[in-house]
Structures are given as C-alpha cells and as structure tokens.
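In what follows, a structure is listed as structure tokens, so that the remarks can point back to it.
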Number of protein chains: 2
Amino acid sequence: MGATKTEHFTDKQNQIATIAKALGHPARIAIIEYLMKVNECICGDIVNELPLAQPTVSQHLKELKNAGIIKGSIEGNSICYCIDEKTIEILNTYFLKIIQTVSKSKCC
Amino acid sequence: MGATKTEHFTDKQNQIATIAKALGHPARIAIIEYLMKVNECICGDIVNELPLAQPTVSQHLKELKNAGIIKGSIEGNSICYCIDEKTIEILNTYFLKIIQTVSKSKCC
DNA sequence: AAACAATATCGTAATATTGCAATAAATTAA
DNA sequence: TTAATTTATTGCAATATTACGATATTGTTT
C-alpha cells in the first residue's frame with residue numbers, strides 16, 4: 001500500500017490529476033511565473049531566481065516537462081524552456097465545466 | 001530536507017500550489033466528478049462509488065475540504081458535501097492569465 | 001439505554017516527493 | 001585539447017502521501 005491506485009480511475013481522471021499534481025508545488029508555480037515574466041524563454045537563470053539548488057530546479061523542470069506543462073529546446077549550450085499553454089488549457093477547460101455545472105445546481 | 005520550502009514563496013504561489021495539489025490525485029478528481037453528477041449533494045455513497053476503503057475516502061475528503069475545494073455540512077446522521085466553485089475559480093482565473101500571457105508572446 | 005449507521009481519527013506499512021552534494025554529460029571557448 | 005559553462009543524473013536523507021484495519025465519535029433508531 002501507499003501507491004496511488006491509478007488503474008482504478010479513468011484516463012481523463014488520471015490526466016487531469018497528473019497535470020494538477022505537477023502544478024501542486026510552489027517552486028513549480030514560481031518557475032511558471034518566471035517563464036511568463038521573461039517572455040522570451042530564457043533557461044537556467046531560473047536557478048538564480050529561485051531559492052533552490054540547481055539539481056532541485058532541474059528536477060522540478062523535469063516534472064513540469066513530463067506533465068507537458070513546459071517544453072525545452074536545446075539552444076547551443078543551454079536549454080530554452082517555455083510554457084506549453086495547450087496543457088494548461090486542458091485543465092482550464094475541465095475546471096470551467098466544473099464551475100458551470102456547480103453554479104447551475106443549488107447545494108447544501 | 002524533504003519538506004517543501006513554503007516560506008520562500010509568495011502567498012499567492014503557495015495558494016495556487018495548495019489548490020492544485022489537492023486536485024492532483026485521481027481519487028479526488030473522481031470525487032469531484034461524482035459530486036457533479038449527483039447534483040444534489042449526497043454524502044458517503046462516495047465510498048460505494050470509489051474503489052477505496054472508507055477511511056481512505058474520508059482522508060481524501062478532508063484534503064479537499066482543507067484546500068477549500070469542497071465544503072461539508074452536517075445533516076443529521078450524515079454529512080452533505082458539495083463543491084465550492086469559488087476555489088476552483090481562483091485556479092481558473094490564474095490559469096487563464098497564464099494562457100493569455102503565453103499565447104501573446106512568441107517562444108522557442 | 002442499546003443497537004445501529006455514518007464519519008472521523010489513529011496507527012502503521014508501503015511508497016513517493018523534496019532537496020541537495022557530488023558527479024556526469026554535453027557544449028562552447030580558449 | 002583543455003578549461004569553463006550549462007544542464008542532467010545519481011544517491012541519499014528527511015519528510016510527505018497513500019491506503020487501510022481497528023477503533024473512536026456522533027447522531028439515530030428502537
């Protein structure tokens with residue numbers, strides 16, 4: 001026990017949970033915000049920006065990339081990361097549906 | 001080490017991360033979907049609906065409640081849970097801003 | 001009050017996440 | 001080629017999460 005029972009849930013449920021989980025850490029939100037600020041997609045100054053060591057940042061970037069939230073393209077020596085808004089849109093569409101459904105029905 | 005360095009991030013960053021994290025598990029997404037389906041807010045048939053034991057479901061409900069995603073009101077013997085769309089809206093507004101910002105800027 | 005029902009909490013095992021120092025790998029600059 | 005730069009990976013310690021049996025709590029019947 002201890003492991004999430006992924007197989008008991010639908011693909012969609014797992015997809016939404018995976019994306020949300022990747023966004024469920026303040027460092028990763030901070031990375032997203034930084035990528036938004038420097039609208040050209042600069043890479044590893046993220047390390048200088050965040051109060052975390054380089055391996056830790058690298059790991060967070062990896063998780064964001066695995067979840068499809070950012071994408072990185074090699075650019076000479078460094079790597080250019082940027083937000084893939086399509087993935088955020090999946091979440092957005094999903095949550096919007098929740099909000100619409102819930103606001104229609106009266107509750108408790 | 002091992003604990004998230006919450007204090008290094010802004011309140012907003014922590015708020016968004018907390019809500020996203022609570023949604024970052026397929027069981028909790030399934031709970032949300034069930035609450036949407038039975039638009040009147042029935043309570044612990046969630047246990048019958050999910051492939052998880054009662055204490056596990058109770059724990060997931062607690063986390064959703066702590067994050068402000070659902071609210072529960074005691075109704076006699078049982079508890080009536082329902083989605084608090086205001087919290088989902090916070091996420092939605094935040095993500096929308098990301099999508100808008102990113103789609104404006106060209107990238108990699 | 002006693003029996004029942006619905007939830008919550010406790011305790012604990014299994015697993016996952018977070019963070020970082022050390023090190024590796026890949027590219028560029030000298 | 002050697003040194004420097006940038007990013008990734010490994011290994012490990014600390015902590016958190018997930019899941020559930022057992023048990024407690026709270027309210028409802030009878």
Side-chain angles (χ1 to χ4, degrees), chain A residues 1-9 13-14 17-31 34-35 38 41-67 70-82 108, chain B residues 1-9 13-14 17-31 34-35 38 41-67 70-82 108:
Chain A
M1 301 122 220
T4 294
K5 295 184 156 183
T6 315
E7 69 280 8
H8 292 317
F9 302 101
Q13 285 165 347
N14 281 308
T18 300
I19 304 172
K21 190 177 183 181
L23 292 167
H25 193 290
R28 294 195 286 266
I29 294 292
I31 289 174
Y34 182 71
L35 285 175
V38 296
C41 32
I42 283 160
C43 46
D45 339 61
I46 299 171
V47 175
N48 298 319
E49 198 64 12
L50 296 193
L52 294 170
Q54 181 269 321
T56 308
V57 171
S58 189
Q59 198 175 274
H60 282 307
L61 286 169
K62 193 177 169 186
E63 276 177 75
L64 285 170
K65 209 165 93 189
N66 286 344
I70 63 173
K71 47 191 172 180
S73 55
I74 297 165
E75 205 147 278
N77 204 358
S78 54
I79 292 186
C80 171
Y81 280 114
C82 58
C108 315
Chain B
M1 301 124 217
T4 294
K5 296 184 153 182
T6 315
E7 68 280 9
H8 291 317
F9 303 99
Q13 285 166 346
N14 281 309
T18 301
I19 303 172
K21 189 176 184 181
L23 292 167
H25 193 289
R28 294 195 286 267
I29 295 293
I31 289 173
Y34 183 71
L35 284 175
V38 296
C41 34
I42 283 160
C43 45
D45 339 60
I46 298 171
V47 176
N48 298 321
E49 198 63 13
L50 296 193
L52 295 170
Q54 181 268 322
T56 308
V57 172
S58 190
Q59 201 176 270
H60 283 305
L61 286 169
K62 193 177 168 186
E63 275 176 73
L64 285 169
K65 208 165 96 186
N66 285 343
I70 62 173
K71 48 191 171 179
S73 55
I74 296 165
E75 204 146 283
N77 203 359
S78 54
I79 292 185
C80 170
Y81 279 113
C82 58
C108 314

**Message:** Using whole Å, what does the distance between atom C1' of nucleotide C:dT28 and atom CD1 of A:Ile79 come to?
**Reply:** 14 Å

**Length of the line joining A:Leu64:CG and D:dA8:C1', which is rounded to integer Å** = 16 Å

**Request:** Look at the side-chain N and O atoms of B:Tyr81 and state whether any lies under 4.0 Å from the OP1 or OP2 oxygen of C:dA6.
**Result:** no

**Message:** Using a distance-only criterion (donor-acceptor N/O pair, under 3.5 Å, no hydrogens), is the base of C:dA6 paired with the side chain of B:Gln54?
**Reply:** no

**Item:** Beyond-backbone contact of A:Leu50 with A:His60, side-chain heavy atoms, under 4.5 angstrom
**Value:** no

**Prompt:** Which residue, A:Pro55 or A:Thr6, contacts DNA chain D at a nucleotide closer to its 5' end, judged by nearest heavy atom?
**Reply:** A:Pro55

**Complete:** In this structure, OH of B:Tyr81 is separated from CD1 of B:Ile31 (nearest 0.5 Å) by 9.5 Å

**Item:** Side chain A:Arg28, main chain A:Leu64, donor-acceptor under 3.5 Å
**Value:** no

**Item:** Value in whole Å for how far the P atom of C:dT9 lies from NE2 of B:His60
**Value:** 15 Å

**Prompt:** Which of these nucleotides, D:dA8, D:dA19, C:dT9, is closest to any side-chain atom of B:Leu52?
**Reply:** D:dA19

**Prompt:** How many Å lie between NZ on A:Lys62 and P on C:dA25, as a whole number?
**Reply:** 15 Å

**Asked** Do the ring planes of B:Phe9 and A:His25 sit parallel (below 30°), tilted (30 to 60°) or perpendicular (above 60°)?
**Response** perpendicular

**Prompt:** What nucleic acid atoms does B:Lys65 come within less than 4.0 Å of, heavy atoms only: base, sugar-phosphate, or nothing?
**Reply:** nothing

**Separation of atom CD in B:Gln59 from atom C1' in C:dT15, rounded to whole Å** = 14 Å

**Message:** How many whole angstroms separate atom CG of A:Asn48 from atom P of D:dT6?
**Reply:** 9 Å

**Request:** When you get a sec, tell me which of C:dT7, D:dT17, D:dA8 is the closest nucleotide to the side chain of B:Lys21?
**Result:** D:dT17

**Message:** Distance check needed: C:dT7 P versus B:Ile31 CD1, whole Å only.
**Reply:** 12 Å

**Approximate separation, where rounding is to 0.5 Å, of B:Asn14 CG and B:Glu7 CD** = 9.0 Å

**Item:** Rounded distance in Å - NE2 (B:His8) to C1' (C:dG19)
**Value:** 11 Å

**Prompt:** Can you check whether B:Thr56 has a side-chain N or O nearer than 4.0 Å to OP1 or OP2 of D:dT18?
**Reply:** no

